[in-house]
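The first residue of the sequence shown is numbered 1, and numbering continues consecutively from there. Atoms considered below: every heavy atom in the structure, side chains included; atoms not considered: hydrogens, waters and symmetry mates.
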Amino acid sequence: MIKKIPSIYRRSLKEIWEDLWTMLVVNVLWIIANLLVIPGPPATIALHAYANRVVHSEVTDQHDFWQTFKSSWGVGWRWGAVNLAVVGLLGVNYYLVSNALDVNLGSFLQGLYIAVGLGWFMLQFFALPFLFEQEQMKVGQALRNAALMIGRNLGFSLLFGLSLLFFMFLATLAFALGIMFGAVFLALAGNFAVNDQLEPIRARKNIPH
């Protein structure tokens, strides 16, 4: 499975290259929604719905993104509330331990919270695509499915996470490209990864895409 990581990146970049305009529009709409904060979570759901359709070779464009955005406020804010609680808790604890009297203990705990935060990000990276592969768009079920996938493919997940950090670092150096296509690239990569993991299961059960 680890050998598929370059293929995931290649296919994600290929999809962006083949429809630059739509990808740019969707990415910019997502950025605007997140800058406004309140529409951020449903826009994130819509972004992954769009990416999921692309991964499954369905015809889609920015109008589908907009329609999904309008209908995703419920599931979007259920997902957003969970993330707000977890990130807020991690942020508060990080701030508290940064003022710890024991410097060594404080540094250890800070590193631990950063690692947990990165792990949480990786969980979201897989959980969002799972929302569209499940029979029902339940946030809790998607988180469980993502955790199971990571646990069963730990080597792939760790290497994929590290390579994503490196890839996004490179995109940050090319600032304009990172801004214009970063979010949609991450959504495509996540959906390709989950789809590849589910492919053998579909084949065994003869489930259509």
Side-chain angles (χ1 to χ4, degrees), residues 1-9 12-13 27 30-31 34-35 37 40-41 43-45 47-48 51-52 76-100 102-133 139-175 177-179 181-197:
M1 188 62 196
I2 290 176
K3 295 180 180 178
K4 289 190 175 182
I5 293 176
S7 172
I8 290 170
Y9 291 147
S12 299
L13 291 172
N27 201 88
W30 179 85
I31 291 173
N34 279 272
L35 289 175
V37 180
T44 301
I45 299 299
L47 175 69
H48 279 268
N52 187 264
W77 266 105
R78 286 195 296 275
W79 170 80
V82 172
N83 275 273
L84 189 62
V86 171
V87 173
L89 184 62
L90 288 173
V92 169
N93 280 279
Y94 183 89
Y95 173 77
L96 291 175
V97 300
S98 66
N99 298 314
D102 188 324
V103 176
N104 291 329
L105 177 61
S107 298
F108 169 76
L109 291 175
Q110 283 180 315
L112 178 62
Y113 289 132
I114 290 173
V116 172
L118 291 174
W120 181 254
F121 167 78
M122 200 65 196
L123 187 66
Q124 304 311 304
F125 184 76
F126 292 125
L128 284 166
F130 264 116
L131 281 174
F132 305 97
E133 301 294 345
V139 174
Q141 182 182 356
L143 291 170
R144 286 193 297 273
N145 285 333
L148 286 171
M149 175 178 160
I150 292 172
R152 291 172 179 173
N153 303 275
L154 193 56
F156 165 79
S157 301
L158 289 174
L159 186 57
F160 196 21
L162 290 173
S163 63
L164 270 176
L165 289 174
F166 179 71
F167 204 98
M168 294 313 295
F169 172 73
L170 293 180
T172 302
L173 294 180
F175 183 73
L177 288 176
I179 292 294
F181 299 107
V184 73
F185 169 79
L186 287 175
L188 286 167
N191 276 275
F192 271 122
V194 169
N195 185 62
D196 285 355
Q197 292 281 358

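L47 places none of its side-chain heavy atoms less than 4.5 Å from the side chain of L128. Residues W30 and V184 form no side-chain contact, since every pair of their non-hydrogen atoms from C-beta on lies 4.5 Å or further apart. Contact annotation: the side chain of Y94 never approaches that of L90 to less than 4.5 Å [non-hydrogen atoms, C-beta and beyond]. Residues F160 and N153 form no side-chain contact, since every pair of their non-hydrogen atoms from C-beta on lies 4.5 Å or further apart.
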Walk me through it: do L13 and F167 pass the test side-chain contact (heavy atoms from CB on, under 4.5 Å)? CA-CA 12 Å; L13 291 172; F167 204 98; 3.9 Å; yes
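Annotation: the span from W77 atom CH2 to L84 atom CG amounts to 6.0 Å, rounded to 0.5 Å. A distance of 15.0 Å separates CD1 in I5 from CZ in F192, rounded to the nearest 0.5 Å. Annotation: the span from F121 atom CZ to F126 atom CZ amounts to 10.0 Å, rounded to 0.5 Å. To the nearest 0.5 Å, the span separating OG1 on T44 from CG on L186 amounts to 11.0 Å. Considering CG of L159 and CG of L164, their distance stands at 10.0 Å, rounded to 0.5 Å. Atom CG of N191 sits about 7.0 Å away from atom CD of E133, to the nearest 0.5 Å.
Looking only at distances, no side-chain donor or acceptor of N52 sits under 3.5 Å from a matching main-chain atom of H48.
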Which donor-acceptor pairs under 3.5 Å do side chains of residues 139-151 form with protein atoms, sequence neighbours excluded?
{"unit_1": "N145", "atom_1": "ND2", "unit_2": "Q134", "atom_2": "OE1", "d": "3.0"}
{"unit_1": "N145", "atom_1": "ND2", "unit_2": "Q141", "atom_2": "O", "d": "3.3"}

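Partners of L112 according to the side chain to side chain contact (heavy atoms under 4.5 Å, CB included) rule, which considers only residues two or more places apart in sequence or in another chain, are L109, V116.
A pairwise comparison of heavy atoms in F181 and N27 identifies C-OD1, 3.5 Å as the closest pair. Here the shortest heavy-atom pairing between M122 and S157 reads CE-O, 3.5 Å.
Annotation: Y95 is not in aromatic contact with Y113 [ring centroid separation under 6.0 Å not met].
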